[in-house]
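Just the heavy atoms: all of them, side chains too, but no hydrogens, waters or symmetry mates, feed the values below.
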2 protein chains.
Amino acid sequence: MADIKKKATIYDLSILSGASASTVSAVLNGSWRKRRIKEATAQLIQNLANEHGYTANLQARGLRSSRSGLVGLLLPVHDNRYFSSMAQSFEAQVRSRGQCPLVVSACRDPDEERQVVETLISYSIDELFIAGATDPDGVHKVCEKAGLKHVNIDLPGTLAPSVISDNYEGARMLTQAIIERAQEDGPLSPDDLYLFGGRNDHASHERIRGFRDVKRALLGADPDVCIQPTGYSPAMTARAFEAFYEGHGKLPRTFFVNSSINLEGLMRFLALHPHETFADIIVGCYDYDPFGSFLPFPVFMIRQDSEAMITKGFAILDADRGPPITHQVRPTLVPPRTALTGPLDALKDIE
Amino acid sequence: MADIKKKATIYDLSILSGASASTVSAVLNGSWRKRRIKEATAQLIQNLANEHGYTANLQARGLRSSRSGLVGLLLPVHDNRYFSSMAQSFEAQVRSRGQCPLVVSACRDPDEERQVVETLISYSIDELFIAGATDPDGVHKVCEKAGLKHVNIDLPGTLAPSVISDNYEGARMLTQAIIERAQEDGPLSPDDLYLFGGRNDHASHERIRGFRDVKRALLGADPDVCIQPTGYSPAMTARAFEAFYEGHGKLPRTFFVNSSINLEGLMRFLALHPHETFADIIVGCYDYDPFGSFLPFPVFMIRQDSEAMITKGFAILDADRGPPITHQVRPTLVPPRTALTGPLDALKDIE
DNA sequence: AGTCATTGCACCATCGATTGTGCAAAAAAG
DNA sequence: CTTTTTTGCACAATCGATGGTGCAATGACT
């Protein structure tokens with residue numbers, strides 16, 4: 001009656017039912033038809049299992065079958081709308097496949113990335129999504145050695161299949177949008193359009209390339225000084241804005257910010273200066289954040305389709321051993337003052 | 001040399017070293033001094049282990065010892081700055097204790113909450129943090145039955161120890177702040193101050209209580225109509241704003257929003273209306289979001305100290321079997337246009 | 001009735017680690 | 001040179017599930 005103490009095992013049910021443990025196992029993991037177990041026996045065992053609240057010990061199962069039902073997602077950080085919404089979609093998709101999501105972050109530190117993945121491997125995870133890794137190929141080697149299937153998301157590697165945002169196209173759309181918007185307020189000179197943020201990774205390169213191509217095409221010139229890669233840190237980005245401000249007494253009229261993390265750097269800068277001074281800036285941000293979209297100046301954003309990337313990632317893993325091709329997913333341009341719906345809207349909310 | 005295929009086990013090392021598997025095990029899990037293994041033997045085995053890149057199979061270890069090294073955090077959603085930054089702190093703390101974080105969300109659905117926890121239990125997780133659960137006591141029973149240590153975070157239960165934000169005090173601070181700020185623009189009547197969001201949970205109750213107490217004290221009255229619980233959904237919140245707007249041709253001059261999720265509802269409303277109409281609203285939001293803090297109207301925010309909550313949670317679990325007391329952690333009032341540093345700042349960012 | 005196929009299930013080794021127990025060899029004590 | 005103690009390690013059971021193999025009972029068929 002009151003099984004308050006330990007969890008029931010197949011052995012307990014074996015005794016209760018009079019069947020052998022292997023029969024119980026077969027019944028409870030669904031392979032009983034294959035094993036020609038009588039329907040009546042199966043029923044009996046199922047009932048006992050329900051009655052006693054049996055749930056399989058997944059560590060034992062994993063040990064035996066060397067699969068765990070765990071699927072990993074390696075993130076740079078949680079605390080950011082892009083990655084947290086990726087985590088949200090990831091979780092939903094993993095669950096719908098009957099597996100268990102394992103989301104971890106590694107702070108963009110290549111050593112930590114590898115070490116975290118080692119840990120995941122120790123738990124015999126079945127598949128791994130490597131999102132925004134600083135060193136995807138280093139992680140690849142670790143996975144390879146353990147025979148772990150994996151895909152890169154967001155930042156591509158050269159050794160494993162990758163699914164990334166179409167950064168070049170996204171940057172072009174975004175750049176064009178902010179230029180056109182800025183030109184509504186009067187002619188825009190090349191010196192009025194900057195780019196802040198990003199570092200030496202594929203996404204930044206492509207975004208910068210898109211930015212420069214469009215800028216050159218529309219404004220006729222593209223001085224190097226207008227490109228300010230600051231890394232992915234709010235503090236560094238704030239410093240870059242501050243430096244510009246020191247030199248010019250204002251911010252550039254228009255600028256492209258490489259990610260919402262860099263956009264936080266802008267907030268830090270703004271916090272130190274009266275808002276009125278910058279009432280007329282036009283900003284493009286390569287990432288979408290629902291509050292970022294309503295700042296007191298026009299912010300054009302790029303919404304990356306992390307859900308589609310995850311879906312594509314699973315397709316690749318299911319197709320088993322694709323070549324290390326990079327697939328691009330088209331992002332969308334989000335005009336200022338736009339509140340998109342997201343994973344939150346799937347929440348049940350009674351009352 | 002090239003162990004490209006399978007992972008090394010203690011048996012492999014046993015053969016290589018000439019020692020028994022149990023000796024290898026003892027050496028590699030650190031219990032070798034206790035087992036009086038010669039230092040030289042230990043060294044030999046350690047070297048072999050490094051050389052062959054040995055890592056323990058944590059499923060096997062977990063099976064044997066019925067501990068997994070996994071610590072769970074159950075969240076309502078990932079996609080939100082409050083919870084994602086909680087996940088970030090949680091991860092850091094779990095890692096620093098040499099365990100592996102397992103963060104999952106259950107969409108505020110009581111059934112899903114219980115089911116997700118069942119799954120975690122099947123992986124023999126060692127401890128569980130239940131954050132923002134709709135039905136903490138239901139989850140408690142599931143844990144109890146499995147002998148799983150757990151604490152409630154953010155929303156308290158009656159059966160297990162809880163660590164929550166001091167919602168009453170936080171709401172008082174926030175309410176007072178927005179009232180005072182609004183009064184700078186002229187006298188504030190009770191009808192000018194509303195509360196939106198929240199539902200039938202402990203946090204909402206306390207926040208509403210704090211709101212009403214301060215409102216009554218400072219404005220002399222506190223009509224029921226000014227309290228608009230909309231649940232935790234952007235869509236419902238947007239609808240409430242819309243309804244008010246329909247009726248009054250404007251938004252309330254000042255209002256308290258129950259959470260950043262509800263604040264997203266305000267964004268949805270704003271997206272449909274020209275900004276100029278609401279240039280003079282004053283908002284308080286019980287949650288902190290770095291972009292929310294820079295919206296085009298004053299937004300006072302409450303920053304809940306999720307890091308401290310997690311720390312306290314571990315303290316409780318370590319103290320083993322405390323009574324089901326609820327501990328409150330004091331949040332901080334964040335004035336408008338404030339960019340706080342967060343877990344992101346711990347990121348390594350070379351270059 | 002005798003042979004053969006089918007059904008239904010039990011047995012047992014196995015996954016990789018942990019841990020209580022026992023026993024030689026070496027060291028200390030007498 | 002015994003006896004006792006300590007040191008250093010091997011053995012084997014165990015955690016809970018899986019899946020290959022084998023065997024008895026039943027039914028089908030000649």
ask   = Going by atom types only, do B:Gln59 and A:Ser124 share a side-chain donor-acceptor pair under 3.5 Å?
value =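 A:Ser124 and B:Gln59 do have a side-chain donor-acceptor pair below 3.5 Å.
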ask   = Taking atom types as modelled and ignoring hydrogens, do the side chains of B:Glu91 and A:Ser105 form a donor-acceptor contact shorter than 3.5 angstrom?
value =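 Yes - a donor-acceptor pair under 3.5 Å links their side chains.
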query = Just the endpoints, please: which first and last nucleotides of DNA chain C, 5' to 3', lie under 4.0 Å from a heavy atom of chain A?
reply =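 Span of nucleotides near chain A: C:dT7 to C:dG16.
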inquiry  = If the threshold is 4.0 Å, N to carboxylate O, is there a salt bridge linking A:Glu113 and A:Arg108?
reply    =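 Looking at A:Arg108 together with A:Glu113, the answer is no, because their closest N to O distance does not fall below 4.0 Å.
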Which part of the nucleic acid, if any, lies within reach of [X] when heavy atoms closer than 4.0 Å are counted: base, sugar-phosphate only, or nothing?
| X | answer |
| --- | --- |
| B:Ala56 | sugar-phosphate |
| B:Ala19 | sugar-phosphate |
| A:Ser25 | base |

ask   = By side-chain hydrogen bond (donor to acceptor under 3.5 Å, both in side chains), which residues pair with B:Ser22, not counting sequence neighbours?
value =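 In terms of side-chain hydrogen bond (donor to acceptor under 3.5 Å, both in side chains), with neighbours along the sequence ignored, B:Ser22 is linked to B:Ser20.
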ask   = Which class fits the ring pair B:Phe90 and B:Phe129: parallel under 30°, tilted 30 to 60°, perpendicular over 60°?
value =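 Perpendicular: the ring planes of B:Phe90 and B:Phe129 meet at over 60°.
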request  = To the nearest 0.5 Å, tell me how far A:Asn152 CG sits from A:Leu74 CG.
outcome  =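 With rounding to 0.5 Å, CG (A:Asn152) is 10.0 Å from CG (A:Leu74).
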task = Check the distance between D:dC9's P and B:Ile10's CD1 and give it to me in whole angstrom.
result =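 After rounding, the reported distance stands at 16 Å.
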key: Between D:dT18 (C1') and A:Ile45 (CD1): distance, integer Å   =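 Atom CD1 in A:Ile45 sits about 15 Å away from atom C1' in D:dT18.
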task = By nearest nucleotide on DNA chain D, pick out whichever of B:Ala21 and B:Arg64 is the more 5' one.
result =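 Per heavy-atom nearest nucleotide, the more 5' residue is B:Ala21.
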ask   = Do any side-chain nitrogens or oxygens of A:Tyr11 fall under 4.0 Å of OP1 or OP2 in D:dT18?
value =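 No, because none of the side-chain N or O atoms of A:Tyr11 sits under 4.0 Å from OP1 or OP2 of D:dT18.
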request  = Please determine if a side-chain N or O atom of B:Ser20 lies less than 4.0 Å away from the OP1 or OP2 oxygen of D:dC9.
outcome  =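 No, B:Ser20 has no side-chain N/O under 4.0 Å of OP1/OP2 on D:dC9.
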message = Counting only heavy atoms from other residues, nucleotides and ligands, does the tally under 6.0 Å from CZ of B:Arg67 exceed 12?
response =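 12 or below, so no.
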ask   = Is the CZ atom of B:Arg114 crowded by more than 12 outside heavy atoms at less than 6.0 Å?
value =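 More than 12 within 6.0 Å, yes.
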ask   = Any donor and acceptor pair, going by atom type alone, linking the side chain of B:Asp126 with main-chain N or O of B:Val71 inside 3.5 Å?
value =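 Such a contact is absent between B:Asp126 side chain and B:Val71 backbone.
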message = Between the base of D:dC11 and the side chain of B:Ser22, is one N or O donor paired with an acceptor at under 3.5 angstrom?
response =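 When only heavy-atom distances are counted, B:Ser22 does reach the base of D:dC11 through a donor-acceptor pair under 3.5 Å.
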request  = Residues of residues 30-43 of chain B with any non-hydrogen atom less than 4.0 angstrom from an atom of DNA chain D: list those, numerically ordered, please.
outcome  =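 Going residue by residue through residues 30-43 of chain B, the ones with a heavy atom under 4.0 Å of DNA chain D turn out to be B:Arg35, B:Arg36, B:Ile37, B:Lys38, B:Thr41.
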